[in-house]
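Along the sequence shown, residues carry numbers from 1. Heavy-atom basis, side chains included; hydrogens, waters and symmetry copies ignored. One-based numbering, in listed order, for ligands and for the atoms of each.
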Amino acid sequence: MKNHRWTHNLSLMGLGTTNLWNGPDSRKEEVFLTAIREYGIRVIDTAEMYGRAEEGAAGILEKAGRENIFLIDKILPGNVTEEGFERSLERSLKRLGTDYIDLYLLHWREDADLELLVRKMEAAKQSGKIREWGVSNFDTKDLRDLMKYTDHVFANQVFYSVYERGIEVELLPFMREHGIHPISYSALGSGYISHPNIRDNERVMRLCAKWQVEPEAVLLRRITEEDVLALFSTSSLNHLRQNLSAVPEESIRELFEALDEEFPAPDHKYPLVKI
Ligand SMILES: NC(=O)c1ccc[n+]([C@@H]2O[C@H](COP(=O)([O-])OP(=O)(O)OC[C@H]3O[C@@H](n4cnc5c(N)ncnc54)[C@H](OP(=O)(O)O)[C@@H]3O)[C@@H](O)[C@H]2O)c1
C-alpha cells in the first residue's frame, strides 16, 4: 500500500478498535497482524472510552513491534482537568503497554477548557509521552476557538464517508488551509443513521463487477484520494482483504463519477455529523 503524503510516513488507512475487544474472542489479532504485515497498515486508532480496546491494542503493539505502529488514542473531555489529564494519559499508557502515544486526541469538545487542553497537550509532548496532539469531532467553529490558543493542531478526526460528505463544504477546506490533517472515522459509514449499503446500489455494483473490484475498497479509496486518512474496523479477515484489495488506476475515473452522482456532496454547510 502507498503511504500518505502527510509529514509523517503514514499508511493511507488505519484500523479502528471500537467494540472489538468487548465481545467474545475472535480472530481479531490475526486481522490486525495481517493488515500490518501483508498490507503495510501502520495506523491503529483507540480511545480510553473503548472498553478493553487499549489492552487489546497492547497485544498488537507487542506482536507487530511498537516502532511499526502509529498509535492514536483519545482522552474524554471530562478528563481534561488540572489533575485528570495526566491521570488519563498515564492510565492509557499503562493499558497500552507503551511509553508514548503517537497522536493523542481530545475525543470531542463538550465543555472542555481549550486553553487548558493546549497547555496539557504541549506539556505531554515536551515530556515525550505523546508525539503529536489534535482533536476529534471538531467543526470549523470549534477549530477556530481552539486556534485562539495554538497555531499547531496536528489532526482532526471526524465522521467522513462517501455516504456523509458534509465536511467537503467548509471543514475540509479549512483544515487544508491550516495544515490540520483530516482523519475520517467510520469511513465505511457504519452506525450512520441513514447509512445506505453500497452493495444495494445497482449502478456502482455493475461497475464494480466490470472492473472486478470490491465496493468497500472503492469507498475507502474515494476517501484517501482526498488525502484524508481513512479509519475502518473489521473483525473479519475476509472483510479486511476486501477493504484493502486493489482498485486499478484505470477504473478510478468511472467509479468515482458514479459514486459522486449516486452519493453527492451537499451544496451547503450544516453542522458536523457525529456518530
Ligand atoms: N473519534 C470518534 O468519535 C470515533 C467515532 C467512531 C469511530 N471511531 C474510530 O473509527 C473506527 C472505524 O469506525 P467504525 O468501526 O465505527 O465504522 P466502519 O469502519 O465504518 O464500519 C465497521 C463495520 O463495518 C463492517 N465491515 C467492515 N468491512 C466490511 C466489509 N468488507 N463488508 C461488510 N461489512 C464490513 C464491520 O463488521 P465486520 O467486523 O463483520 O467486518 C463493522 O461492523 C473505530 O473503530 C474507531 O477507532 C472514532
(Q) What I want to find out is whether Arg203 reaches Glu257 closely enough, with some N-O distance under 4.0 Å, to be called a salt bridge. (A) no

**Q.** Pairing of Lys269 and Asp139 as salt bridge, 4.0 angstrom limit
**A.**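 Yes, charged N to carboxylate O under 4.0 Å.
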
Purely on distance, is any nitrogen or oxygen of [X] under 3.5 Å from one on ligand 1?
{"X": "Leu188", "result": "yes"}
{"X": "Ser235", "result": "yes"}
{"X": "Gly189", "result": "yes"}

Q. Of Pro182, Ser184, Ser136, which is the lone residue that meets side-chain contact (heavy atoms from CB on, under 4.5 Å) with Gln157?
A. Ser136

Please tell me whether [X] and [Y] have a donor and an acceptor in their side chains that are separated by less than 3.5 angstrom.
{"X": "Tyr149", "Y": "Arg119", "value": "no"}
{"X": "Glu254", "Y": "Trp211", "value": "yes"}
{"X": "Lys125", "Y": "Tyr104", "value": "no"}
{"X": "Ser245", "Y": "Glu214", "value": "no"}
{"X": "Asn243", "Y": "Glu216", "value": "no"}

Atoms of ligand 1 less than 4.0 Å from [X] heavy atoms?
{"X": "Asp45", "answer": "9 (C), 46 (C), 47 (O)"}
{"X": "His107", "answer": "1 (N), 2 (C), 3 (O)"}
{"X": "Thr17", "answer": "45 (O), 47 (O)"}
{"X": "Lys74", "answer": "1 (N)"}
{"X": "Phe232", "answer": "12 (C), 19 (O)"}
{"X": "Ala187", "answer": "20 (O)"}

Q: Using non-hydrogen atoms of the residue, decide whether Trp108 is closer than 4.0 angstrom to ligand 1.
A: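 Contact absent.
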
Taking 4.0 Å as the limit for heavy-atom contacts, which would you say applies to [X] with ligand 1: side chain only, backbone only, both, or neither?
{"X": "Ser190", "result": "both"}
{"X": "Glu216", "result": "side chain"}
{"X": "Asn137", "result": "side chain"}
{"X": "Phe159", "result": "neither"}

Q: Closest by any non-hydrogen atom to atom 44 (C) of ligand 1: pick that one out of Thr18, Val31, Val43.
A: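 Closest candidate by heavy-atom distance is Thr18.
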
Q: Counting heavy atoms only, name the option from Thr234, Leu244, Asn243 that's nearest to atom 28 (N) of ligand 1.
A: Asn243

Q. What pairs with Thr140 under side chain to side chain donor-acceptor pair (under 3.5 Å), at least two apart in sequence or on another chain?
A.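 Thr140 satisfies side chain to side chain donor-acceptor pair (under 3.5 Å) with Glu170 only.
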
Q: Please identify each residue that fulfils side chain to side chain donor-acceptor pair (under 3.5 Å) with Asn79, with sequence neighbours left out.
A: Glu48, Ser88

